[in-house]
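Sequence lines set the chain letters: A, B, ... in the order given, protein chains first and strands last, and positions in each chain run from 1.
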Amino acid sequence: MLTLKFIQENPQQVIDGLAKKRFDAAGIVQSIIALTESKNQTQAKADKAKAEMNNTARDIGLLLRNGKTEEAGQAKERTAILKESIREMDQSFAETDEKIQQLLVQLPNIPCNLVPWGKSAEDNEVIRSGGSFPEFAAEALPHWDLAARYNLIDFELGVKLTGAGFPVYRGKGARLQRALINFFLDEARKAGFEEIQPPFMVNEASGFGTGQLPDKEGQMYHATLDNFYLIPTAEVPVTNIYRDVILDAKELPVKNCAYSACFRREAGSYGKDVRGLNRLHQFDKVEIVEIAHPEKSYEVLEEMVTYVESLVKKLELPYRIIRLCGGDMGFTSAMTYDFEVWSAAQQKWLEVSSVSNFESFQSNRLKLRFRDEAGKKPQLAHTLNGSALALPRIVAALLENNQTPEGITIPAALVPWCGFDMIN
RNA sequence: GGAGAGAUGGCUGAGUGGUCGAUAGCGGCGGUCUUGAAAACCGUUGACCCGGUGACGGGUCCGGGGGUUCGAAUCCCUCUCUCUCCGCCA
């Protein structure tokens, strides 16, 4: 969430910035400023009363020690009124603060200047593309047909065991999953990311920290008996490592990577978008997370994009990198690049990675700060993350694009991790 | 799952109703000494909020929440977590 101070000091910048996300912030900003003013006045009054109370209590202690019981009794009577007014002011303060918090969490992050105007995916900006489109003699088969033909993925069996969107990978299909996970983790390690193996379930506080709660509650699986949530991405546990942490500037940038299974209820999805591997309730992903100095975060973002690009290049997939327009961006992001790979049989681009700079939007809620030098005040760090990469659509594209009459070929870079170069 | 003990500042650890944001040690930072370093010695060292241009002043925070009291780290209730023993077990 945005910081109160920033909104107070730059109300117009907030309103103008959020217009790019097609969000009308004028009313909320105005309310926040008015409420904050009233909250501050209440605090000033309450603090004064509390100071008086503290002094009186101290005096009573001294009087009692000196045996002046009567005077102490008189002082006690005076505190009763004071006490009641403090109670009222504290209550009013808490109520106002609660209102402000409720308004604050409604404000999306402000897009950075580079973000193009636009209202939907059509207005996104293609930054660059690479790889070549495959050509086929016969008609290309979609990955669900190929998965069945080579016995790689059993979607129906997943339905039997759990439900739709929980596929069972088997044989070379399972080995391909494992190979991709290891490939992505090893590449990330070589690029300087520390590997983390996080819990796949998190508590409520972590859900709040990264903003899944309270808004996207319905998108997460919830183990109600213990009040744990299955993670929708490793971003949640990994970023929450740094909740309530003050880092030393020397430690920046922090670079972490993590594999996790990801669980998403995907309530509301239907139709051909969910066919095969296109949209699943459980899937595998390697995530990269960075914590950067505010002055460096956009450099870091570009580095992350370059890194993710190196992965799709090694997998020899036709890809394009897109800068999302304001209208298509997520709530928490200041700038997002999406990576898409071409699905030859479905004849469409599939999103396989989303790399974002959240600036201080996440760290404000997380209370993730750093200290430039000893003695100086801590300030909010910038957080960034990206998929590097999500498996299912990569697998879909690999299967579809590399199909030959003899079988499916494995990109050379992946063969050492797979242990085979052909699925047939 | 049953029984017991505990949660204090970056860490260890005192403090059981009255100037306690909190003794002490370690660590960190600054200095003296040294060619330099170590050792020793001296000083310093939490976060957040409000008011003030500022010096500074005030407030909140001793796991979370609530209560008792003029006054709570200290007493009571409750939740969470940790440890020990027993049970079970990959």
Inset, instruction - Could you check A/I246 against A/F228 and say which one's nearest nucleotide on RNA chain B is further toward the 5' end? - result: A/I246

Inset, instruction - For nucleotides B/G17 and B/C62, find the distance between their C1' atoms and express it as a whole number of Å. - result: 15 Å

Inset, instruction - Indicate, with a heavy-atom threshold strictly under 4.0 Å, whether A/R78 touches base, sugar-phosphate, or nothing. - result: nothing

Legend entry - Pairwise P distance for B/A39 and B/C29, with rounding to whole Å: 12 Å

Inset, instruction - Provide the Watson-Crick or G-U wobble partner of B/C61, both distances under 3.5 Å; none if there is no partner. - result: B/G46

Legend entry - Residue pair A/S206 / A/N203, side-chain donor-acceptor N/O under 3.5 Å: yes

Inset, instruction - Report, as a single string ordered 5' to 3', how protein heavy atoms within less than 4.0 Å touch nucleotides 63-76 of chain B: B base, S sugar-phosphate only, - not at all. - result: -------BS-----

Legend entry - Side-chain donor or acceptor of A/D123 paired with backbone N/O of A/S120 under 3.5 Å: yes

Legend entry - Donor-acceptor pair, side chain of A/N55 and main chain of A/A51, under 3.5 angstrom: yes

Legend entry - Between A/T233 and A/K285: side-chain donor-acceptor atoms closer than 3.5 Å: yes

Legend entry - Complementary nucleotide for B/C89 - Watson-Crick or wobble, under 3.5 Å: none

Legend entry - P-based separation of B/C50 from B/A55 [nearest Å]: 16 Å

Inset, instruction - Give a yes/no answer on whether the side chain of A/N54 brings an N or O atom under 4.0 Å of OP1 or OP2 in B/G59. - result: yes

Legend entry - Who pairs with B/A24 - Watson-Crick or G-U, where each distance is under 3.5 Å: B/U12

Legend entry - N/O donor-acceptor pair, side chain A/D47 with base B/G59, under 3.5 angstrom: no

Legend entry - Spacing of the C1' atoms in B/G46 and B/A22 (rounded, Å): 12 Å

Inset, instruction - In whole angstrom, give me the gap between the P atoms of B/G6 and B/G58. - result: 37 Å

Legend entry - Counterpart base for B/C70, defined by Watson-Crick or G-U wobble contacts under 3.5 Å: B/G18

Inset, instruction - For the pair A/H143 (side chain) and A/L277 (backbone), establish whether a donor and an acceptor sit closer than 3.5 Å, ignoring hydrogens and angles. - result: yes

Inset, instruction - Verify whether one side chain among A/R275 and A/N278 offers a donor that lies under 3.5 Å from an acceptor in the other. - result: no

Inset, instruction - Specify the residue among A/F93 and A/K250 whose closest nucleotide of RNA chain B lies further upstream toward the 5′ end. - result: A/K250

Inset, instruction - Using a cut-off of strictly less than 4.0 Å, decide whether A/N40 has a side-chain nitrogen or oxygen near OP1 or OP2 of B/G51. - result: yes

Legend entry - Strand partner of B/U80, provided both Watson-Crick or wobble distances fall under 3.5 Å: B/A7

Inset, instruction - Would you confirm whether the ring centroid of A/F358 sits within less than 6.0 angstrom of the ring centroid of A/H382? - result: no

Legend entry - Pairing partner of B/G51 (Watson-Crick or G-U wobble, both distances under 3.5 Å): B/C56

Legend entry - side chain to side chain donor-acceptor pair (under 3.5 Å) between A/N256 and A/Y242, worked out: CA-CA 11 Å; A/N256 288 164; A/Y242 305 97; 2.5 Å; yes

Legend entry - Identity of whatever pairs with B/A40 - Watson-Crick or G-U, under 3.5 angstrom: B/U32

Inset, instruction - Check whether any side-chain N or O of A/R371 sits under 4.0 Å from OP1 or OP2 of B/G28, and answer yes or no. - result: no

Legend entry - Nearest-Å distance once atom C1' is located in both B/C83 and B/G27: 25 Å

